There are 2 protein chains.
Amino acid sequence: MSKSQITNTGQVTEIFKALSNPNRLRIFLTLVSAWHMNSGCISDQELAYYVGDLCECVEVSPSTVSHHLRELSHAGLIKMERCGQRICCSVNSETVAALSEFLTCLQRK
Amino acid sequence: MSKSQITNTGQVTEIFKALSNPNRLRIFLTLVSAWHMNSGCISDQELAYYVGDLCECVEVSPSTVSHHLRELSHAGLIKMERCGQRICCSVNSETVAALSEFLTCLQRK
DNA sequence: GTATTATTTCGATATATGTCGAAATCTCAA
DNA sequence: TTGAGATTTCGACATATATCGAAATAATAC
């Protein structure tokens, strides 16, 4: 719940770049929808997607999805956590909030 | 002042792609700052930048700036209008508002 | 008209990106 | 410890992008 800020434009560029590929955006929006479904739950981790499930959703090979997930993760847009054999992917709410605020600030009062 | 909506993800991808290059983002943010300065004026056109001035701001060749401006324009992020010999560039407020709203909607209630 | 200024288009080039399949790595279960 | 499943890493390749300078175009001034 702490408020993270976007401090430099390089960070913004990286976030926009991460969301500028159609498949990567689809992956991200899939995770966002899972996150929304989960609005009553306690943990952010609930209703996260496994990497393999995301491959099926977007119909892209595991190696490519892995690459896209790394980009999203480096941009701070998602979190990845090992759960046994698999890896849980979920939205990083802080970055989404920071990005949303950045764009709100762009607007004229 | 009318409220434009972002209807498909292809549109979102295009907007993010337009903002995913460092120089293109700098050009856009330069126009945004001009737009902010102008908050008391009547016309959106006031305090717009000419193409040549943008070239100086970002220290990139005219041909490259022209290319970036076309991308920003195609994404709907800026408006370009001929003013005599030169061309006036300014923020397209509707798209910025729509993008801002899109990102606000991504957030969990 | 011709010259000047502003911008775009064109062609070239270097670099970055998206994609896949194969091989490697990691985790768990038997 | 060996095997199976999940994911990543590693080439390889095709396509896209960023960039420039030169040439073309557009608008104005003379």
Side-chain angles (χ1 to χ4, degrees), chain A residues 9-31 34 45 47-75 77-92, chain B residues 9-31 34 45 47-90 92:
Chain A
T9 57
Q11 210 177 338
V12 180
T13 304
E14 208 182 343
I15 291 171
F16 285 142
K17 193 182 298 185
L19 298 173
S20 71
N21 172 271
N23 283 332
R24 213 148 51 216
L25 183 63
R26 282 208 295 152
I27 291 170
F28 179 68
L29 293 180
T30 302
L31 294 177
Q45 217 58 55
L47 284 179
Y49 271 76
Y50 295 122
V51 175
D53 297 335
L54 289 170
C55 292
E56 284 188 12
C57 284
V58 299
E59 290 173 302
V60 171
S61 75
S63 55
T64 301
V65 168
S66 177
H67 164 244
H68 286 323
L69 290 173
R70 189 170 48 207
E71 302 255 316
L72 289 168
S73 179
H74 280 165
L77 285 163
I78 66 169
K79 290 178 286 187
M80 299 177 73
E81 189 182 352
R82 188 166 275 281
C83 308
Q85 276 175 289
R86 300 191 268 186
I87 290 184
C88 274
C89 306
S90 58
V91 169
N92 184 348
Chain B
T9 57
Q11 211 177 337
V12 181
T13 303
E14 207 182 344
I15 291 171
F16 285 142
K17 193 182 297 184
L19 298 174
S20 71
N21 172 272
N23 283 333
R24 213 148 50 216
L25 183 63
R26 281 207 296 151
I27 290 169
F28 179 68
L29 292 180
T30 301
L31 294 177
Q45 216 57 57
L47 284 179
Y49 272 78
Y50 295 122
V51 176
D53 297 335
L54 289 170
C55 292
E56 284 187 12
C57 283
V58 299
E59 289 172 304
V60 170
S61 75
S63 56
T64 302
V65 168
S66 177
H67 164 247
H68 286 323
L69 290 172
R70 188 170 50 206
E71 302 257 316
L72 289 168
S73 178
H74 280 166
L77 285 164
I78 66 169
K79 290 177 288 187
M80 299 176 73
E81 189 182 352
R82 187 167 275 280
C83 306
Q85 273 177 293
R86 302 191 268 187
I87 290 183
C88 273
C89 306
S90 58
N92 184 348

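Per chain, numbering begins at 1; letters A, B, ... match sequence-line order. On a predicted model such as this, the values are computed, not experimentally measured, just so you know.
Atoms CZ and OG1, on B:Phe16 and B:Thr9 in that order, are 11.0 Å from each other to the nearest 0.5 Å. Between the SG atom of B:Cys88 and the CD atom of B:Glu81 there is a distance of 6.5 Å, given to the nearest 0.5 Å.
Side-chain contact between B:Cys89 and B:Tyr50 is absent, with no heavy atoms from C-beta onward closer than 4.5 Å. At a threshold of 4.5 Å between non-hydrogen side-chain atoms, the residues A:Leu31 and A:Leu54 count as touching.
Near DNA chain C, defined here as any heavy-atom distance below 4.0 Å, the residues from residues 11-19 of chain A are A:Lys17, listed numerically. Interface residues of residues 23-31 of chain B facing DNA chain C, ordered by number: none; criterion, heavy-atom separation under 4.0 Å. Only B:Ser66, B:Arg70, listed by number, bring a heavy atom of residues 65-78 of chain B to less than 4.0 angstrom from any atom of DNA chain C.
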Identify each donor-acceptor pair in which a side-chain atom of residues 62-75 of chain A lies under 3.5 Å from a protein atom, sequence neighbours left out, and give them as a table.
unit_1  : atom_1 : unit_2  : atom_2 : d
A:Ser63 : OG     : A:Ser61 : OG     : 3.3
A:Thr64 : OG1    : A:Ser61 : OG     : 3.1
A:His68 : ND1    : A:Arg24 : NH1    : 3.2

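The salt bridge (Lys or Arg N to Asp or Glu O under 4.0 Å) analysis of residues 49-59 of chain A, with sequence neighbours excluded, yields no pairs.
Counting all heavy atoms, side chain and backbone alike, A:Ala18 lies closest to A:Leu77 at CB-CD1, 3.9 Å. The heavy-atom pair separating A:Tyr49 from A:Ala34 by the smallest distance is CE1-CB, 3.5 Å. Closest of all the heavy-atom pairs between B:Thr13 and A:Ser20 is CG2-O, 3.0 Å.
Protein chain A contacts DNA chain C over a range whose 5' and 3' limits, counting nucleotides with an atom under 4.0 angstrom from a non-hydrogen atom, are C:dT17 to C:dC28.
For the side chain to side chain contact (heavy atoms under 4.5 Å, CB included) test, residues two or more places apart in sequence or in another chain that qualify with A:Arg26 are A:Asn23, A:Val58.
In this structure, A:Val60 and B:Gly52 both approach DNA chain C, and ranking their closest nucleotides by distance from the 5' end singles out B:Gly52.
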Where do N or O atoms of nucleotides 24-30 of chain D meet protein N or O atoms at under 3.5 Å, pair by pair?
unit_1 : atom_1 : unit_2  : atom_2 : d
D:dA27 : O3'    : B:Gly84 : O      : 3.4

